[in-house]
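For clarity, every value in this text was computed on a predicted model and none was experimentally measured.
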Amino acid sequence: MSDQPARWTRATVYPDMWTDPEDDPRNSEGTSPDGELATLDDFLSGYRMTLRMKCEGLDAEQLARRSVPPSTMSLLGLVRHLAEVERDWRNWITDGDPLPKLYGRRDADFEDAAADPAVVDAAYADLEREQAATDTALAGHPDLGERVGRDGIAVGS
């Protein structure tokens, strides 16, 4: 029997990491992106991919499992929360009326993250739709310092 605890990671070469660097699709060789917008797009892509990788292969119950009770934190709640964050950001930079919250009341994104395949599918669809809308909005503002919206907030804030 080993003194080392069993690890949940698939990493083999680097057991202190959750994925081997050689298998990590976020790793890229070569030069970094040119310009602020390309850098932001690259940054968002990496963070979005990290969430997808963490959730990959998990069923509805695993995604909805709370990290440490009484916390409402779960991966499914995080997927829902990040869809809400994408929408909130776009609301800040718009002159028009803000879009309503996706999940209603405060913290419903976490509290209502139920272990139901339909809830999981809806959460991923919401996230994909909101991320695409954010990408479209960003593409329309190549100057991230541009001040827009009702409050004159910088696009890159």
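Looking only at side-chain heavy atoms (C-beta outward), Asp88 and Lys101 come within less than 4.5 Å of each other. Put simply, the side chain of Ile153 does not reach to within 4.5 Å of the side chain of Trp89, judged on heavy atoms. For the pair Val85/His81, a side-chain contact is recorded, criterion being any heavy-atom separation below 4.5 Å from C-beta on. Taking 4.5 Å as the limit, every side-chain heavy atom of Glu84 sits out of range of all side-chain heavy atoms of Arg80.
The hydrophobic cluster containing Leu102, built from Ile/Leu/Val/Met/Phe/Trp/Tyr side-chain heavy atoms closer than 4.5 Å, also comprises Tyr103.
Within the model, atoms CG of Leu51 and SG of Cys55 stand 4.5 Å from one another, a figure rounded to the nearest 0.5 Å. The distance from the CG atom of Leu44 to the CG atom of Leu138 is 6.5 Å, given to the nearest 0.5 Å.
In terms of the salt bridge (Lys or Arg N to Asp or Glu O under 4.0 Å) criterion, Asp143 has no residue partners (sequence neighbours excluded).
A donor-acceptor pair under 3.5 Å links the side-chain atoms of Asn91 to the main chain of Leu99, judged by distance alone.
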Scan the side chains in residues 65-73 for donor-acceptor partners under 3.5 Å anywhere in the protein, sequence neighbours excluded, and list what turns up.
residue	atom	partner	partner atom	Å
Arg65	NE	Glu61	OE2	3.3
Arg65	NH2	Glu61	OE1	2.5
Arg65	NH2	Glu61	OE2	3.4
Arg66	NH1	Ala64	O	3.0
Arg66	NH1	Ala113	O	3.1
Arg66	NH2	Phe110	O	3.2
Arg66	NH2	Glu111	O	3.3
Ser71	OG	Met73	N	3.0

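Across Gln62 and Leu58, no two heavy atoms sit closer than the pair OE1-CA, 3.3 Å.
Between Pro98 and the options Arg87, Arg150, Arg90, a side-chain contact (heavy atoms from CB on, under 4.5 Å) holds for only Arg150. Each of Asp151, Val148, Thr134 was evaluated against Ile93; a single residue qualifies, Val148, per the side-chain contact (heavy atoms from CB on, under 4.5 Å) test.
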